[in-house]
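What follows is a short report on a single structure.
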Amino acid sequence: MLLENINNENDIKNIDACEYEKLAEEIREFLIEKISATGGHLASNLGVVELTMALHLVMDFPNDKLIWDVGHQSYTHKILTGRKNEFNRLRLYGGISGFPKRRESLCDAFDTGHSSTSVSAGLGIASGYYLAGNNGTVISVIGDGALTGGMAYEALNNAANLKRNFIIILNDNNMSISENVGGMSRYLSNLRTGSVYNDLKAGVTNTLNKIPVVGEKVVKKIKITKSSIKQLVIPGMFFEDMGITYLGPVDGHNISQMVKVFNEAKRLNHAVLVHVITKKGKGYELAENNPSKFHGVEPFDRESGEIVNKKEEVTYTDVFSGVLCKLAEKNERIAGITAAMPDGTGLKRFKQRYKKRFFDVGIAEEHAVTFAAGLAAAGYKPYVAVYSSFLQRAYDQILHDVCIQDLPVVFAIDRAGLVGGDGETHQGIFDLSFLSSIPNMSIFAPKNRYELIDILKYSTYFSGPLAIRYPRGAAYDGLKEFRAPIKFGKSEVLYMEKDIALIAVGAMVETAVNVRDMLKKRGCFVSVINGRFVKPIDEARIQELTNNHKIIVTLEENVIKGGFGESVLRYVASLDKKIKVLNIGVPNIYLEHGSVEELRREAGLDEDSIVRRITDLL
């Protein structure tokens, strides 16, 4: 097998050109085999096999630098840089990451995980190389979906000022996670399918070549001075107007063609964008036909494509999806907003039923939030459905455009807490902290599926900004006997005793009840309070607990710094009572990839660790 001969960076250069196609087949087979066992991002990686190979044939690692936007499509890059033997532990606890990681290899130039960042990072590295006199090649790969993110345009605008070579590769597969939307998508579609430019360029070239004596010289002169004859026929192209030379479109599965264009791009002493057309899921028919399903996938049967040991479970996302549709049926002012993730956030059903009130703004979380603020100012009730880790990107818009005006925008924050295999760039463990710092923001964390239903109903007539955060995965079905009506800023008593009071929010309420059972076996008296509102906290309830408890323990799946527990601690301290407060949450660190159970143990959020800390304090 050819793949056996690739154990270090640049080994691909020892492969004969006639074997490239066979190597690409072996890489795809390797990816399908490994990802079907461990889970991971399949369709995006299958689509960039030849593109990655061409880049490795042109570049010289590790001095040359390759930056992947988002980074979940970097698996072939990892294989070609000596990490193929580690793929049995891909995304597993202690194994290699599914994203580029500088600590893994010198060939990983920049840690990525969120969209629209690669051009900015690459431009920074290229500028650093310019200052240092390093002539190494810097290439940023960005998807067509990522170009809907405003940060990419800020970087493109700035790239025109660079006085050295910098290559931007637009990996155009006409699909990010979901269908691309907006003007850029239409623009790229026209470039892909339009034959006028290519036909005209060929016609002009052929005509000039037929001019006796001087024809060929004119063509060569034009190519030297403008890098391509297209400057004669399309002077107003979008990228060229920004000061960036455009090359393409290029077949992203034709290695020799890409190598030729990349080498041409290397010769330019300014920023150049190479437009490469790829097919997501290429080489695996099931992924080609349904790339969204195989974007991020659990272990699956490669023959059928079905998830192995799939559990038929109702997720929090499912609950949100169903309830919002029912609420929108009765309230024509309700609107749904997503940043390119209608499937992942549960708004697909809303889109199908209420198309006019559904808005997909592309990969642009900042715009999504301010757009929602505008809708709210116009008298509508917008629900922004977004993953916790992606909401971080819109902090200023939440503060400046929503909360200062106290607008009734609801943030449905999915994947809050620990999410597992995607690692530190995707863990939703900061939202309680950064949202709690904003005046006018209220935050609610439901303990189970029924409380999510109740808070969504409550949210329809709530008059200010409201964040509802819930975890990834199955919606907890327990504690259904506890369903007190929701009152603003009020907690819910599950068990009231004395000595030890556990105040938990969200997913940690289930944990608190289990911890209580373990402590009861040791003869302890334990109260359990469902905090519900992270902001404002229930000060009256906390003051009541200080009267007959020795310890108050707060539980949250969020970093301790700035979280729910610190708010409780600060209030208890103001009461000047002799009572201990123990804050249990995620330490102020970045948690890597692994199962949620493993990460909880690492963070000290598992039941045994919590019981041990409480008994030690006693």
Side-chain angles (χ1 to χ4, degrees), residues 148 178-183 185 314-387 390-391 394 397-398 400-414 416 435 440-446 449-470 475 483 485-488 533:
T148 60
S178 298
E179 180 183 358
N180 283 328
V181 297
S185 177
V314 177
T315 66
Y316 280 103
T317 308
D318 295 332
V319 174
F320 164 73
S321 175
V323 173
L324 188 65
C325 284
K326 290 179 180 178
L327 294 174
E329 184 179 351
K330 300 176 182 178
N331 186 344
E332 293 183 353
R333 291 283 171 171
I334 288 177
I337 301 169
T338 179
M341 298 192 71
D343 292 351
T345 60
L347 283 181
K348 183 177 181 180
R349 194 186 310 178
F350 188 96
K351 174 184 177 181
Q352 293 168 342
R353 294 189 183 182
Y354 311 105
K355 191 172 184 178
K356 289 185 177 180
R357 288 185 275 155
F358 168 80
F359 302 94
D360 185 342
V361 301
I363 304 176
E365 290 82 6
E366 301 96 325
H367 167 56
V369 171
T370 302
F371 174 76
L375 267 180
Y380 282 82
K381 185 75 177 184
Y383 286 72
V384 180
V386 61
Y387 288 5
F390 299 149
L391 186 61
Q397 288 71 24
I398 298 169
H400 186 274
D401 299 325
V402 174
C403 290
I404 285 180
Q405 302 181 81
D406 201 22
L407 291 168
V409 176
V410 179
F411 297 93
I413 307 175
D414 205 330
L435 292 174
N440 290 338
M441 175 62 76
S442 299
I443 310 168
F444 189 97
R449 61 189 295 183
Y450 308 104
E451 205 158 72
L452 176 56
I453 294 171
D454 293 343
I455 188 60
L456 285 170
K457 292 178 179 178
Y458 177 89
S459 71
T460 60
Y461 54 84
F462 189 76
S463 60
L466 176 63
I468 304 171
R469 60 108 67 172
Y470 43 91
R483 199 170 179 177
I486 293 175
K487 297 180 180 179
F488 181 69
F533 280 92

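Side-chain atoms are counted along with the backbone in the values below, which use heavy atoms only and exclude waters and symmetry mates.
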Fill in: Criterion side chain to side chain contact (heavy atoms under 4.5 Å, CB included) on F488 and S442, from CA distance to verdict
CA-CA 9 Å; F488 181 69; S442 299; 3.4 Å; yes
Discussion item. Looking at D343, is its backbone amide N or carbonyl O close enough to the side chain of K351 to form a donor-acceptor pair, meaning the two atoms are under 3.5 Å apart?
Written reply: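 Checked: no pair found.
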Does the side chain of [Y] come within less than 4.5 Å of [X]'s, by heavy atoms?
X    : Y    : result
V319 : I453 : yes
L347 : Y383 : no
V384 : V409 : yes
L452 : V323 : no

Fill in: More than 12 heavy atoms from other groups under 6.0 Å of OH on Y380
no
Shortest non-hydrogen contact from [X] toward [Y]:
X    : Y    : answer
A394 : E365 : CB-O, 3.7 Å
A475 : R449 : CB-CB, 3.6 Å
L407 : A376 : CB-CB, 4.0 Å
S463 : P408 : O-CB, 3.8 Å

Check residues 325-337 and write down every donor-acceptor pair under 3.5 Å in which the side-chain atom is one partner and the other belongs to a residue at least two apart or another chain.
{"unit_1": "N331", "atom_1": "OD1", "unit_2": "R333", "atom_2": "N", "d": "2.9"}

Worksheet item: Can you say whether the rings of F350 and F358 are parallel (under 30°), tilted (30 to 60°) or perpendicular (over 60°)?
Response: tilted
Worksheet item: With no hydrogens and no angle check, do the side chains of T315 and D318 hold a donor and an acceptor under 3.5 Å apart?
Response: yes
Worksheet entry | Worked check of side chain to side chain contact (heavy atoms under 4.5 Å, CB included) between F411 and V369 | CA-CA 9 Å; F411 297 93; V369 171; 3.9 Å; yes
Worksheet item: With R483, which residues qualify under salt bridge (charged side-chain N to carboxylate O under 4.0 Å, His left out), at least two apart?
Response: D454
Item to complete: If a pair satisfies side chain to side chain donor-acceptor pair (under 3.5 Å) and one of its residues is in residues 405-414, list it, with sequence neighbours excluded.
Response: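 Every pair satisfying side chain to side chain donor-acceptor pair (under 3.5 Å) with a residue in residues 405-414: T317-D414.
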